[in-house]
Participant: 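After the structure tokens below, expect a handful of questions from me.
Just the heavy atoms: all of them, side chains too, but no hydrogens, waters or symmetry mates, feed the values below.
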Amino acid sequence: MSLSKRKNATQPKSKKPITKVASSQGTAPASIRSNAHLLNEYPSADWFKKFRKAILKWYESNQRRLPWRDDPIPYKVWLSEIMLQQTQVATVVDYFNRFINKFPTIIELANADEQTVLSMWEGLGYYRRARNLHAAAQKVRDDFGGIFPDDFESVLSLPGVGRYSAGAILSIAGDQKLPILEGNTYRLHARLLALHDDPRSRGSESLLWQFAEDLLPTKKCGAFNQSLMELGSEICKPKKPLCQCCPVIKNCAANQLDMADKLPIKSKRRKFVRRHDALFFIENRGQVWVRQRKQGEWWAGLWDFARFNVSEVAETAEKSPPNERLQNHLEAELGIQLKSHPKILMTINHAVTHHKIRLDCYWIKAKFPDAGKQGFKQVTRNELSELPLNVTARKLLSMIEKSC
DNA sequence: AAATCGGGGGA
DNA sequence: TCCCCAGATTT
């Protein structure tokens, strides 16, 4: 099977997914030897042998008990890996249990409505993951006979699955010898190797994928890959790593150089953009205005109340005072006549990736126009509780329900 | 190579 | 406040 599209920049392009470097241990592969990213020598074969033994032994008695570890079938491992993308373990656990309870099998997930899937995802963020998960389940149902595939290329072809997730799923669920590289292991490896560069940079990334592959034992690759992440999460932490408790302290170049807390080199962070939004909870005789957010918008697929960017509105009408501008915009945009001034309910400060948002939430009473403008429709508060909402909308709603 | 996509937890 | 989290996808 050939890929019709590239999944990500690090994805191997050849049919054989992972480039084999014969006996690369001891002497670094050319790709590594040719750069000066390491403060130390590339590890020897003996180093790799001792590392594998020590970390696997540590993992046997130190692994956390997690729901997806009880029964590591491909479906559960896959689901856990998608939920864990850029999301902490503690956050995922309850979502995972609820999700498995609601959709016990891939087929049941595939046959579900996307709205139901999104509802189960509500609050977890990165909602594209949920839509991709649902689409992938349908692909498994339709293209793979309902059986989660067990070859790297097929797994990689599923939407939402990149090189990390494909390797993680197949190693954890099937003990396949495939490397992983993610947040924990970028940091762990940067320290083990004393990587004198940002591990997320282009050159470092390829070096670290090679290292991740060289690390793999011949068997127990699932436990081994998990042990790397577990160690990174619990011992080799971003701040104040617990080096005195580390089972592979003797393997750590950063520790030997007394630089563990100085590495990895952190990349420059893009600064936040401030943003001022206004939300309108529009109600009339028990009916509330909502719309489903479109593809390409934030929270695509989720439902939301009327929401505007105050700065953009201000640009189009500079002369009037802020409240009046917003009100005029509201009337023009939604085709409604306000019976009263919007009443401020609450202000929510939140963040969406690199945006810091102040959200002023207003309540207004207005009659729904005959033809719903801008894709709005009206629903009862009861129906509202069933729709997948973004966190701020849900927060506002629960505040309103509480005060009435 | 860089931007985009949420939300929460912890210091 | 800031940093980080078992990343993938698009531009």
Participant: Please report the distance, rounded to the nearest Å, between CZ in A/Arg202 and P in B/dA2.
Facilitator: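 Distance check: A/Arg202 CZ to B/dA2 P gives 9 Å.
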Participant: Could you state the CG-C1' distance from A/Leu188 to C/dC5, rounded to the nearest angstrom?
Facilitator: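 The answer, rounded to whole Å, is 16 Å.
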Participant: Partner of B/dG6 by Watson-Crick or G-U wobble geometry, both contacts under 3.5 Å, or none?
Facilitator: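 Result: none.
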Participant: Regarding A/Arg64, tell me which of base, sugar-phosphate or nothing describes its non-hydrogen contacts under 4.0 Å with the strands shown.
Facilitator: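 Contact class for A/Arg64: base.
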Participant: Rounded off to whole Å, could you give me the CD-to-C1' distance for the A/Glu81 and C/dC5 pair?
Facilitator: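 Going from CD in A/Glu81 over to C1' in C/dC5 covers 13 Å.
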Participant: On a whole-Å scale, what distance lies between the C1' atoms belonging to C/dC4 and B/dG6?
Facilitator: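 Approximately 14 Å lies between the C1' atom of C/dC4 and that of B/dG6.
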Participant: What is the distance, to the nearest angstrom, from the CG atom on A/Leu208 to the P atom on C/dG7?
Facilitator: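 The answer, rounded to whole Å, is 14 Å.
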Participant: Using the P atom as the point on both nucleotides, what is the distance between B/dG8 and C/dT9, in whole Å?
Facilitator: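 Approximately 24 Å lies between the P atom of C/dT9 and that of B/dG8.
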Participant: Taking atom C1' of C/dC5 as reference, at what distance in whole Å does atom CD of A/Glu182 sit?
Facilitator: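 Going from CD in A/Glu182 over to C1' in C/dC5 covers 9 Å.
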Participant: Fit a plane to each ring of A/Phe148 and A/Trp78, take the angle between them on a 0 to 90° scale, and name the class: parallel (under 30°), tilted (30 to 60°) or perpendicular (over 60°).
Facilitator: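 Rings of A/Phe148 and A/Trp78: tilted, as their planes differ by 30° to 60°.
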Participant: Looking at every strand, decide which applies to A/Val92 at a 4.0 Å heavy-atom threshold: base, sugar-phosphate, or nothing.
Facilitator: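 If one applies the 4.0 Å heavy-atom cut-off, A/Val92 turns out to touch nothing in the nucleic acid.
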Participant: So if I define the base as every atom that isn't primed, P, OP1 or OP2, how would nucleotides 4-11 of chain B read as a B/S/- string at a heavy-atom cutoff under 4.0 Å?
Facilitator: SBBBBS--
Participant: Give the rounded distance in Å between these two atoms: CG of A/Leu84 and C1' of C/dC5.
Facilitator: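 Distance check: A/Leu84 CG to C/dC5 C1' gives 9 Å.
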Participant: Which residues pass the salt bridge (charged side-chain N to carboxylate O under 4.0 Å, His left out) test with A/Asp113, sequence neighbours left out?
Facilitator: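 In terms of salt bridge (charged side-chain N to carboxylate O under 4.0 Å, His left out), with neighbours along the sequence ignored, A/Asp113 is linked to no residue.
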Participant: Expressed in whole Å, how much space separates the P atoms belonging to C/dA6 and B/dA11?
Facilitator: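 Here C/dA6 and B/dA11 have their P atoms 15 Å from each other.
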Participant: By the 4.0 Å heavy-atom rule, please label A/Arg187 as base, sugar-phosphate, or nothing.
Facilitator: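 The answer is sugar-phosphate, as A/Arg187 gets under 4.0 Å only of primed atoms, P, OP1 or OP2.
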Participant: Does A/Arg69 come within less than 4.0 Å of A/Glu230, counting only side-chain N to carboxylate O?
Facilitator: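 A salt bridge is present here (some side-chain N lies under 4.0 Å from a carboxylate O).
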Participant: Applying ring pair (Phe, Tyr, Trp, His ring centres under 6.0 Å) to A/Phe99 and A/Phe103, what does each step give before you reach the verdict?
Facilitator: CA-CA 6 Å; A/Phe99 203 96; A/Phe103 311 112; 5.0 Å; yes
Participant: Just checking A/Gln295: does its CD atom have more than 12 heavy atoms from other residues, nucleotides or ligands closer to it than 6.0 angstrom?
Facilitator: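 No - once you tally the heavy atoms of other residues, nucleotides and ligands closer than 6.0 Å, there are 12 at most.
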Participant: Does the plane of the ring in A/Trp289 sit parallel, tilted or perpendicular to the ring in A/Phe376? Use 30° and 60° as the thresholds.
Facilitator: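 Ring orientation, 0 to 90° scale: tilted.
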Participant: Base, sugar-phosphate or nothing for A/Ser80? Non-hydrogen atoms, less than 4.0 Å.
Facilitator: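 Result for A/Ser80 = nothing.
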Participant: Indicate the ring-plane relationship of A/Phe211 and A/Trp47, choosing parallel, tilted or perpendicular according to the 30° and 60° boundaries.
Facilitator: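 Plane angle between 30° and 60°, so tilted.
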Participant: Measure the distance from CG on A/Leu181 to P on C/dA6 and round it to the nearest whole Å.
Facilitator: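 A/Leu181 atom CG is separated from C/dA6 atom P by 13 Å.
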Participant: Scan A/Trp68 against the nucleic acid and name what it touches under 4.0 Å (heavy atoms): base, sugar-phosphate only, or nothing.
Facilitator: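 Base contact - A/Trp68 has a heavy atom under 4.0 Å of at least one base atom.
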Participant: Between C/dC2 atom C1' and A/Lys268 atom NZ, what is the distance in whole Å?
Facilitator: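 Nearest whole value for this atom pair: 18 Å.
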